[in-house]
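Working notes, beginning with the structure itself.
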Amino acid sequence: MPKFSKEERILKKKEFDAVFKVRKSVHFKNFFLKCKEGEKTKIGLTVSAKVGKAHVRNRIKRALREYFRLNKDKFPSGSAVIVAKTGAGELSNSEIREEIGALIKIWQRRYPF
RNA sequence: AUUCAGGGUCUGGUGGUCGCCGAAAUUGCCCGCCACUAAAACUUUGGCGGGCGAAAAUUUUGCCAUAGGCAAAAUUUUCGGAGGAAAGUCCGGACUUCGCAGAGCAUCAUGCCAGCUAACGGCUGGGCGCAUUUUGGAAAGAUGCGACGGAAAGUGCAACAGAAAGUAUGUACAGGUAAUGCUGUAGUGAAAUCAGGCAAACCCCAUGAGAAGCAAGGGCAAAUAAUCGAGCACUUUCUUGAGAUUACUCAAGAAGGAAGACUUGCUCGGUCGAAGUCUCGGUUCGUUUUACUAGCUAGGACGAGCUGAAAGUGCUCGAGGGUAGCCCGCUGGAGCGCCGCAGCGAUGCGUCGCCAAGAUGAAUGAUCACCUUACACAAGAUCCGGCUUAUAGACCCUGUUUUCCA
RNA sequence: CGCGGGGUAGAGCAGCCCGGUAGCUUGCCAGGCUCAUAACCUGGAGGUCGCAGGUUCAAAUCCUGCCCCCGCAA
């Protein structure tokens, strides 16, 4: 069964900065995705205070982590960062899943490798 | 019974599968440190710390067709894991650092009385005032609300209207007097002589407060760069003394008082203390004096100048500060529960029992089934006591009254 | 998480300390000047003073509680 340990997360500010230097990015309604190619598949989440209050932000991060845990193979290999936009706080968990799935499809179409 | 008001408790439950954080335990492997040795190296054993994993066992599925067997897959095991507001950061503390002999001033806060408390602007009890208690009025009771010290210490403010806004006094009518705004009414205004109003105006009185905040603060500490120190090598320059006498070698290199700085917002007071300068040593020059060998001599005093050594390069070693990173602070506490006692109560005391998050890009989730459809506001970030604000629903308790007049 | 600053015409700011009239610049509208535009001249409109409650005769201003925006610190 899929796990989700700390080795698969982006935790340091330097790692985030390295991802944000890459120009490739994909926007969808309430999220956007940046990714830097690498061997390990890692994910970092950015949900700022503009999105909502603490319990809203926690819910979004949990939904994103759960999606990553169950659908790791769909993500591009490398360090990915998902940023939530202002409207993301009003989505339900299933809507978040749909949007992220769509976001990854757009990414694969635009950057095949 | 309903409604309304007040107070209190709870904040989904059970089961299956997967996932996250912390702690403990079993076992295997690896790494580091310590002990056993006269010493070094290696090995063994034991202990401690760190990292990576899971044998047995269990579960699920399939097959054979039976008190089981075989195969495959998965999983180390156990325990614990957000709130009544965790929120706003509005008060009060604990704790930490800085400051600190201490004192005064300024500033800020609080404000009926008494009590509780570690403390508070909180809470409890009482007084006073206001409101509600379903027609109106009155009384009692109940409930709620109240920044409820001082205006006879002083300063100040009051637009417009009005004769006049605080040292007041004018008109009309009426009354009154020996006489007079002496009295009433009208009129203006929020307020018109009443020791007026405003202190959520300055202020006075009483009480209290040092400042900043866990990103406080402390420990271990890589790499790189700069700084400093030591050693070696080379180069350059230089003072004094001694040795040597073209070249060179060896040695030497200090101490004290004050301007200023810091001192939490200010002062007194307190703490630290650079350059320059002075004293002192060396040396040069000048002035003066003493000695006799009568000199470009020697010694002393005074004044002035210089100096009291240094620079550069390379290599090696080291140091302190500090960054990344890691650790501590970090959760056993003004703690929780039951009972008893004291008190009107807040609360205090005592017996017994219990340990209940500790993360750090930040953990409580996902999914399925049932419970009536499970649904609000919202999630720790050093920790406590309050207040305020946001809130769906469930349950419990108390009151929703009495008398008189119309 | 902690600590500060600020919400006033469309925009940028005064006025708050010490309470009675909300003002300045720019922009907007109308008229004039010009062949026309700009500049210039004249006139005008435009404000829940972030929201709610309180003190006061009277609140943008004083007090209390909320909402929003911006900034600082390892």
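Below, chain A is the first sequence line, B the second, and so on; all start at residue 1. Values reported hereafter were calculated over all heavy atoms of this structure, with side chains retained and with hydrogens, waters and symmetry mates removed. As the structure is a computational prediction, the values presented were derived from the model and not from experiment.
Among the nucleotides B:C18, B:A366, B:G361, the one closest to any side-chain atom of A:Arg69 is B:C18. Ranking B:G380, B:G361, B:A366 by closeness to the A:Phe16 side chain, first place goes to B:G361.
Within the shown strands, B:U132 is the pairing partner of B:A142 under the Watson-Crick or G-U definition, both distances less than 3.5 Å. When both distances must be under 3.5 Å, the Watson-Crick or G-U wobble mate of B:A366 is B:U17. Judged by Watson-Crick or G-U wobble contacts below 3.5 Å, the nucleotide B:G253 has no partner. Across all strands shown, B:U107 is found opposite B:A209 as a Watson-Crick or G-U wobble partner, with both distances under 3.5 Å. In this structure, B:A71 forms a base pair with B:U61, meeting either the Watson-Crick or the G-U wobble geometry with both donor-acceptor distances under 3.5 Å.
B:A67 shows a glycosidic angle within 90° of 0 and is accordingly assigned syn.
Remark: the separation of the P atoms in C:U48 and C:A60 is 13 Å, to the nearest Å. Atom C1' of B:G219 sits at a distance of 24 Å from the matching atom of B:G51, rounded to the whole Å. If you take atom C1' in B:C157 and the same atom in C:G53, they sit 26 Å apart, rounded to whole Å. Spacing of P atoms, B:C4 relative to B:G13, comes out at 31 Å, to the nearest Å. Separation of the P atoms belonging to B:U124 and B:G146 is 12 Å when rounded to the nearest angstrom. The separation of B:A406 from B:G399, taken at their P atoms, amounts to 33 Å, rounded to a whole angstrom. When the C1' atom is used for both B:A106 and B:G329, the distance is 38 Å, rounded to whole Å. Look at the P atom in both B:G333 and B:G320: the space between them is 36 Å, to the nearest Å.
If you check every strand for non-hydrogen atoms under 4.0 Å, A:Ile10 touches sugar and phosphate atoms only. Among the heavy atoms of the strands lying under 4.0 Å from A:Lys53 are primed sugar atoms or P, OP1, OP2 only; no base atom is included. Among the atoms of the strands shown, only primed sugar atoms or phosphate atoms (P, OP1, OP2) are found under 4.0 Å from some heavy atom of A:Arg97. If you check every strand for non-hydrogen atoms under 4.0 Å, A:Arg59 touches nothing.
What separates CG of A:Asn93 from P of B:C368 is a distance of 12 Å, to the nearest Å. When rounded to the nearest whole Å, the span between CG of A:Leu70 and C1' of B:C18 equals 8 Å. Whole-Å rounding puts the A:His55 NE2 to B:A362 C1' distance at 18 Å. Whole-Å rounding puts the A:Asn58 CG to B:A362 C1' distance at 9 Å. Whole-Å rounding puts the A:Arg62 CZ to B:C20 C1' distance at 10 Å. The CZ atom of A:Arg57 sits 16 Å away from the C1' atom of B:A363 (whole-angstrom rounding). The distance between atom CD of A:Glu15 and atom C1' of B:G325, rounded to the nearest whole Å, is 14 Å. Atom CD1 in A:Ile96 sits roughly 15 Å away from atom P in B:G365 (whole-Å rounding).
Closest approach of A:Pro76 and A:Cys35 over heavy atoms only: CG-SG, 3.8 Å. Of all heavy-atom pairs between A:Ile10 and A:Ala80, the closest is CD1-O, 3.6 Å. A:Phe16 and A:Gly44 get closest at one heavy-atom pair: CZ-CA, 4.0 Å. A pairwise comparison of heavy atoms in A:Arg65 and A:Leu45 identifies CG-CD1, 4.0 Å as the closest pair. Scanning all heavy atoms of the two residues, the minimum distance from A:Lys36 to A:Ala18 falls at NZ-CB, 3.9 Å.
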Please walk me through it: do A:Glu37 and A:Lys24 pass side-chain contact (heavy atoms from CB on, under 4.5 Å)?
CA-CA 10 Å; A:Glu37 277 89 4; A:Lys24 295 180 181 176; 3.3 Å; yes
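Summary of helix geometry: the two end axes of the helix from B:C280-B:G308 to B:A291-B:U297, each defined by five base pairs via their C1' atoms, are inclined to each other by 0° (rounded to 10°).
Side-chain N/O atoms of A:Arg9 include one lying less than 4.0 angstrom from OP1 or OP2 on B:A362.
Under the 30°/60° scheme for interplanar angles, the aromatic rings of A:His27 and A:Phe32 are found to lie parallel.
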